[in-house]
Amino acid sequence: MFKSMVLPVALLGAAAAAFADEGQWQPHQLPQLKSELKRVGITIPAEKLADLSKHPMSAIVSLGGCSASFVSPDGLIVTNHHCGYSAIQRNSTPEHNYIVNGFLAKTRAQELPGGPNTLVYVTEKVENVTDRVLKGLSPNLSGKERHEQVESRIKALIAECETDKAYRCTVPAFHRGLEYYRIKQLMIRDVRLVYAPSDRIGNFGGDIDNYEWPRQTGDFSFLRAYVGKDGRPADPSPDNVPYKSKDFLVVSSEGLKNGDPILLAGYPGRTSRYKLPSEIRFARDVDYPAKVASITADLSVIAAATMGNEAYDVRYASVVKSQNNVLKKTQGLLDGFARKDIAAIKDVQDAQFRAWYKQNGGANKNLLAELDAAIAADMTLSRQEFALSEATHSDLLKNARTLYRLALEHTKPDAKREAGYQERDVSFIKARLTRLEQSFVASVDEARFAAALKRYAKLDPKTRPHGLDALLPAPGAIPALYKSTQLGETDKRLAWIGKDPEAFRKSDDPFIQLAVRLQDVAGAVEERRKEVDGNLERVIPQYMAAVIEWKKSQGKPVYPDANSTLRVTYGTVSPYSPRDGLVKGPFSTVQGILEKATNKDPFIVPQALTQAVNEKRYGVYKDPVLGTVPVNFLSSADTTGGNSGSAVMNKRGELVGLNFDSTYESITKDWYFDSAITRAIHVDIRYMLWVMQEVDHADNLLKEMTIKFPKK
């Protein structure tokens, strides 16, 4: 290995000059970026941004898949409309359709339960535990043995951290396994829906406008965190009180202009910036096309099975919205790969790296050959895992498999159980089992399962897990499964928690029986995954150490791929040119809403909004340059999925917007950051405040927040 690789990556430092605004930085790295932050125009000291206990980072929270921030001392949280969609949909009925009509609690007593899946995570501590995870691992372990040893150490680190049950701890890998950090988060379990505009504002343009620019979408909603009277997280109860957030963001309605600096903080999900050309080609040629085909077919089945039934539409609204978002992003990745040959760009970089490694490499002369072999094995297994997911694409079957697996794992000591099935996970499993009652209809699930089995039957037999075909139900047998099962009832599902494996084996419920039959084949796939992952975890960190050293020698950024942990990025309000001869400006306005209005979904405009625009009731939210209210704006910030709801702050750390999307041309940034066309899309806080004042009259929330208005 390289001599310098004995140092933690955090000590290697970031590049002296990062390229453009690329980088999803860990907060502790920001002091190394002082010159970059100064260049952009950020005035908050980098050391303050690196301190999770200080404003503004102490106000940034995770929703477990989305980002958000506190905006009052009483636990008021602002995030995207689509991030609060599950809570909106959960409380909606055909009679009280909060999706279409919006919802506003004028008093605390009127706030609605977000449900067991709506949680708030406040990051309090991040510590490097790389040595405790990796030190002393024998080089002679098999892939499976190595993976299980690493997992065992991670579980011990989590158990040590979670002695106080108010906290949820994780130990994610950074730089593809080169480093590990233990992250301690306060987990708030009572979260309530406070306000969401109609989806004719919050989702204006729908899937047609998704990832497009210009956008005119008011993608925002408000939640509130509640705790017990002792100030500690508690189960939902009418006796709970609002959480007293240590810090909250001041809202600035002063606005931004082209070229102004912004900071963005949140929890980006996954990027693949350091993957090899072979991995890009697998995604481009195999994985993504299969995913697009599967989701497209599934959405068609749902549409047909829910047609003409408003109650079914409400139940599957969140599922469809999520599926459509994944579909458009995945198709955008394919289009992006077709527009720019990222694999070819990576080929050049990979060749340069391999030549450099040959000259400067360390002791492992077989590293690159081992790397290529491990990645090839990963791709082969990924195709089998996709086939298994198609063959088991039923919510009832997924629940039955989870329940049986939980029973099997509970025959072991807690420390020996698989991650996801320990005692710490039971409440999450219960929440998923309960959540199904808001997003399940037996006839729809039956149609989805039958269609998925047909798709599975068309897959290349070589990609199907060995022995699976014989265990699956024949198409004609599927209706009987749904007629005979009791798993569609929430109390019957929950009653299986705590039962032993023998009770499952003796059950006459057809979905339980099917789950039991499938376990051996699914378990064999999982065991192969451990072997493959263990080999990847052995070789890829060595590769990443070399890549980091190589990039440092070129003065290029050294930041880890996104992994759902707290990150900070920065940039400027910026136009862009998607193609030659076309430049798109960085702001959209309320006039654009009326220009797109068709009186047909998804371009229906609430009458109150139309009237406010026509009467030019812009007030303090009128932009002096645009002469109207801005709706959305673009920036050059480096974002991805999971950044939805991220706080967009001005140079002083005041809230000026919410991240919610990217331009279509930017989607491939998950794999390759192209500064010329990469743009994130944000809700302008002025539009949010304007809607709250002029359309929905959310005066109680406007008074609760601290809003900084322009100087007269």
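Side-chain atoms are counted along with the backbone in the values below, which use heavy atoms only and exclude waters and symmetry mates.
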Basic-acidic side-chain contact under 4.0 Å: E111, K106: no
Ion pair check, D674 and K669, cut-off under 4.0 Å: no
All pairs passing salt bridge (charged side-chain N to carboxylate O under 4.0 Å, His left out) where residues 633-650 contributes a residue, at least two apart: R273-D638
For the residue pair T569 / Q24, report whether a side-chain donor-acceptor contact shorter than 3.5 Å exists. no
Any salt bridge linking D313 with R315? Criterion: basic side-chain nitrogen under 4.0 Å from a carboxylate oxygen. no
Given the rule in the ring-ring contact (aromatic ring centres under 6.0 Å, His included) test, do F633 and H682 qualify, once you have shown the distances and angles that lead to the verdict? CA-CA 5 Å; F633 67 96; H682 318 298; 5.0 Å; yes
Donor-acceptor contact below 3.5 Å, side chain S588 vs main chain N632: yes
Over-ring placement of K340 relative to Y672, 6.0 Å and 45° cut-offs: no
Treating S92 as the side-chain partner and I88 as the backbone partner, does any N or O pair qualify as donor plus acceptor under 3.5 Å? yes
Spell out, as yes or no, whether a donor-acceptor pair under 3.5 Å connects the side chain of N80 to the backbone of D219. yes
Would you call E665 and R679 a salt bridge, taking side-chain N to carboxylate O under 4.0 Å as the test? no
When you measure from the side chain of T640 to the backbone N and O of P268, does any donor-acceptor pair fall under 3.5 Å? no
Geometric class of the F709/Y621 ring pair [parallel <30°, tilted 30-60°, perpendicular >60°]: tilted
Keeping to residues at least two apart or across chains, list the salt bridge (charged side-chain N to carboxylate O under 4.0 Å, His left out) pairs with something in residues 64-74. D74-R108, D74-K244
Do the charged groups of D260 and K257 touch, with an N to O distance under 4.0 Å? yes
Looking at F603, F660, Y687, which one forms a ring-ring contact (aromatic ring centres under 6.0 Å, His included) with F204? F603
Main chain of S58, side chain of D247: is a donor-acceptor contact present, judged purely on distance under 3.5 Å? no
Relative to the ring of F70, is the ring of Y243 parallel (under 30°), tilted (30 to 60°) or perpendicular (over 60°)? tilted
Pair listing, side chain to side chain donor-acceptor pair (under 3.5 Å) test, anchored in residues 578-587, at least two apart: none
Test side-chain contact (heavy atoms from CB on, under 4.5 Å) applied to L30 and W25, step by step: CA-CA 7 Å; L30 294 174; W25 303 95; 4.1 Å; yes
Pairwise distance CD(Q185) to OG1(T123) - rounded to 0.5 angstrom: 3.5 Å
Indicate yes or no for a side-chain donor-acceptor contact from K328 to the backbone of N210 under 3.5 Å, with no hydrogens or angles considered. yes
Heavy atoms from other residues, nucleotides or ligands near NZ of K38 exceed 12 (cutoff 6.0 Å): no
With a 4.5 Å heavy-atom cut-off, do M705 and L689 have their side chains touching? yes
Taking the side chain from R284 and the backbone from F337, do they hold a donor-acceptor pair closer than 3.5 Å? no
Any sub-3.5 Å donor-acceptor pair from R567's side-chain atoms to D561's backbone N or O? yes
